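Everything numeric in this text was worked out from a predicted model, so none of it was measured. For ligands, and for the atoms within them, numbers begin at 1 and follow the listed sequence.
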Amino acid sequence: MTESASVCVPRIGDPAPDFEAETTHGILRLEDFRGSWLVLFSHPADFTPVCASELIAFAGVRDTLRKSGCELLGLSVDSIFSHIAWVRSLEEKFGVVIDFPLIADTTGEMARRYGMTMPAESATEPARVVFVIDDRQFIRAFMAYPMTTGRNVEEIMRLVAALQATDAHGVATPAGWKPGEGVLAPPPRTQAMAEERAKAAGPSCPDWYFCKRELS
Ligand code: BEZ
């Protein structure tokens with residue numbers, strides 16, 4: 001079995017793996033985020049260009065995310081002193097304050113536990129992995145990008161908003177959905193439910209499996 005095959009990546013619906021980590025905001029534990037949503041993201045290395053562009057982008061949406069009850073937490077295997085120096089550099093050279101914590105996972109243990117390391121790409125530096133963890137500390141979504149491709153923070157915000165809409169209203173969200181747009185009824189699971197939906201057929205419900213509605 002190769003090393004990558006033996007890594008157990010947390011899956012959607014799993015409890016988020018526990019952690020206690022040294023961060024630029026002091027020691028933080030998973031438990032400290034209970035009651036908030038959390039976007040936990042890894043980046044390969046401090047003082048690298050794509051990672052810098054991502055941190056700046058995350059800083060730009062941090063307040064909006066926070067208003068929706070969601071915190072940000074970054075991770076790399078760089079030391080706390082490297083993180084501190086990089087955060088200072090981003091403020092000095094780019095005028096951007098990084099006001100969310102960065103984990104110094106110097107042993108790589110947390111990156112491995114969360115399946116953030118892609119051994120075929122790098123044995124030590126984590127890839128660009130994002131976990132969306134809900135307010136009950138379950139994994140709700142994850143995505144992985146290679147080292148050379150920066151992520152889209154608008155998509156991450158859209159994903160959090162869609163998951164929150166699902167929880168608040170028991171609905172599903174269509175492709176490219178954004179807050180304020182119509183949502184979908186989850187598909188019927190029984191013949192009887194399908195018959196009921198078929199009877200409600202109309203412009204917003206063209207067939208038994210596709211019914212759209214506005215969120216009130
Ligand atoms: C970057 O952030 O620019 C980067 C980091 C590791 C590999 C490739 C690019």
Salt bridge or not for Asp99 and Arg62, using N-O below 4.0 Å?
yes
Under 4.0 Å between heavy atoms, the region of Glu121 that gets near ligand 1 turns out to be neither
*asked:* Regarding Arg151 and Glu155, does a basic nitrogen lie under 4.0 Å from an acidic carboxylate oxygen?
replied: no
For Cys51, the ligand 1 atoms with a heavy-atom partner under 4.0 Å come out as 1 (C), 2 (O)
- Message: Ring-plane angle category for Trp86 and Phe47, please: parallel below 30°, perpendicular beyond 60°, tilted otherwise.
- Response: tilted
Q.
Check the orientation of His43 and His83. Use parallel for under 30°, tilted for 30 to 60°, and perpendicular for over 60°.
A. tilted
Between the CD1 atom in Ile103 and the CZ atom in Phe19, the distance rounded to the nearest 0.5 Å is 5.0 Å
the protein heavy atom lying closest to atom 4 (C) of ligand 1 turns out to be Arg128 NH2, 3.5 Å
Looking only at N/O atoms, are Pro49 and ligand 1 under 3.5 Å apart anywhere?
yes
Closest to atom 7 (C) of ligand 1 among protein heavy atoms sits Met147 CB, 3.6 Å
For Val50, the ligand 1 atoms with a heavy-atom partner under 4.0 Å come out as 1 (C), 2 (O), 3 (O)
**Message:** Looking only at distances, can you tell me whether any N or O atom of Thr48, backbone or side chain, sits closer than 3.5 Å to an N or O atom of ligand 1?
**Reply:** yes
